[in-house]
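See structure below.
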Amino acid sequence: MTIPMSEKEKMLTMLTEIYDQLEELESVLEASFSDHRLHMNSEEQEKLSVTLNRLSDIGVKSAQVNLSHEEFLDSNLGAVPKSLKLELGF
């Protein structure tokens, strides 16, 4: 036997169900966004790591080029007198 419910009770029951569904949705969204945030942080850390490695490699290569360039200049400067001046003629 069913007991007839008043309109207020029906409305209260419906609102309670909606509230429960919203709480469940909130927890699902929280977990989903949390996972997504962790994934994005991981990707950004990886990109930063790759960039840092590239910059480090460029710095090492630049230092090597500068050293070899300085050695080249030092070896050639000893053979050329400092008083030598070159003039451009037409």
Side-chain angles (χ1 to χ4, degrees):
M1 184 177 196
T2 60
I3 302 171
M5 294 174 59
S6 70
E7 290 297 319
K8 278 186 174 181
E9 290 173 335
K10 286 181 182 179
M11 185 67 73
L12 186 58
T13 304
M14 289 172 50
L15 289 173
T16 303
E17 289 175 6
I18 291 172
Y19 180 79
D20 291 341
Q21 290 174 355
L22 286 173
E23 280 188 331
E24 184 179 335
L25 179 62
E26 180 184 19
S27 66
V28 169
L29 286 174
E30 176 89 22
S32 177
F33 280 126
S34 178
D35 289 344
H36 187 64
R37 185 172 39 251
L38 291 173
H39 179 69
M40 286 179 57
N41 283 341
S42 173
E43 284 182 350
E44 291 302 314
Q45 288 297 328
E46 185 177 330
K47 287 177 185 178
L48 288 172
S49 175
V50 167
T51 303
L52 181 61
N53 288 338
R54 287 181 181 169
L55 285 173
S56 176
D57 290 345
I58 290 171
V60 168
K61 288 178 183 178
S62 174
Q64 290 173 349
V65 168
N66 285 340
L67 287 177
S68 65
H69 183 66
E70 288 174 3
E71 290 172 359
F72 176 75
L73 287 177
D74 288 343
S75 65
N76 287 337
L77 285 178
V80 177
K82 291 183 179 180
S83 62
L84 179 65
K85 292 184 181 180
L86 298 175
E87 293 182 18
L88 183 62
F90 292 97

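Here the structure is a predicted model, which is why all the values come from computation and not from measurement.
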Note to self: Tell me which pairs pass salt bridge (charged side-chain N to carboxylate O under 4.0 Å, His left out) where either residue lies in residues 32-52, with sequence neighbours left out.
What the structure shows: Glu44-Lys47

Item checked: Value rounded to 0.5 Å, distance of OG in Ser27 from CG in Leu22 -> 11.0 Å

Check: Can you check side-chain contact (heavy atoms from CB on, under 4.5 Å) on Thr13 and Glu17, steps first, answer last?
Finding: CA-CA 6 Å; Thr13 304; Glu17 289 175 6; 3.8 Å; yes

Note to self: Nearest 0.5 Å, please: how far is OG in Ser32 from CG in Leu25?
What the structure shows: 10.5 Å

Notebook entry, point to check: CG of Asp57 to CZ of Arg54: how many Å apart, nearest 0.5 Å?
Noted result: 9.5 Å

Note to self: Are Leu52 and Val60 connected into the same hydrophobic cluster when the rule is that any two of I, L, V, M, F, W, Y join if their side-chain heavy atoms are below 4.5 Å apart?
What the structure shows: no

Margin query: Going by the rule side chain to side chain contact (heavy atoms under 4.5 Å, CB included), which residues pair with Asp20 if we only count those two or more places apart in sequence or in a different chain?
Written below: Thr16, Glu23

Note to self: Working to the nearest 0.5 angstrom, can you tell me the gap between Glu24 CD and Leu29 CG?
What the structure shows: 10.5 Å

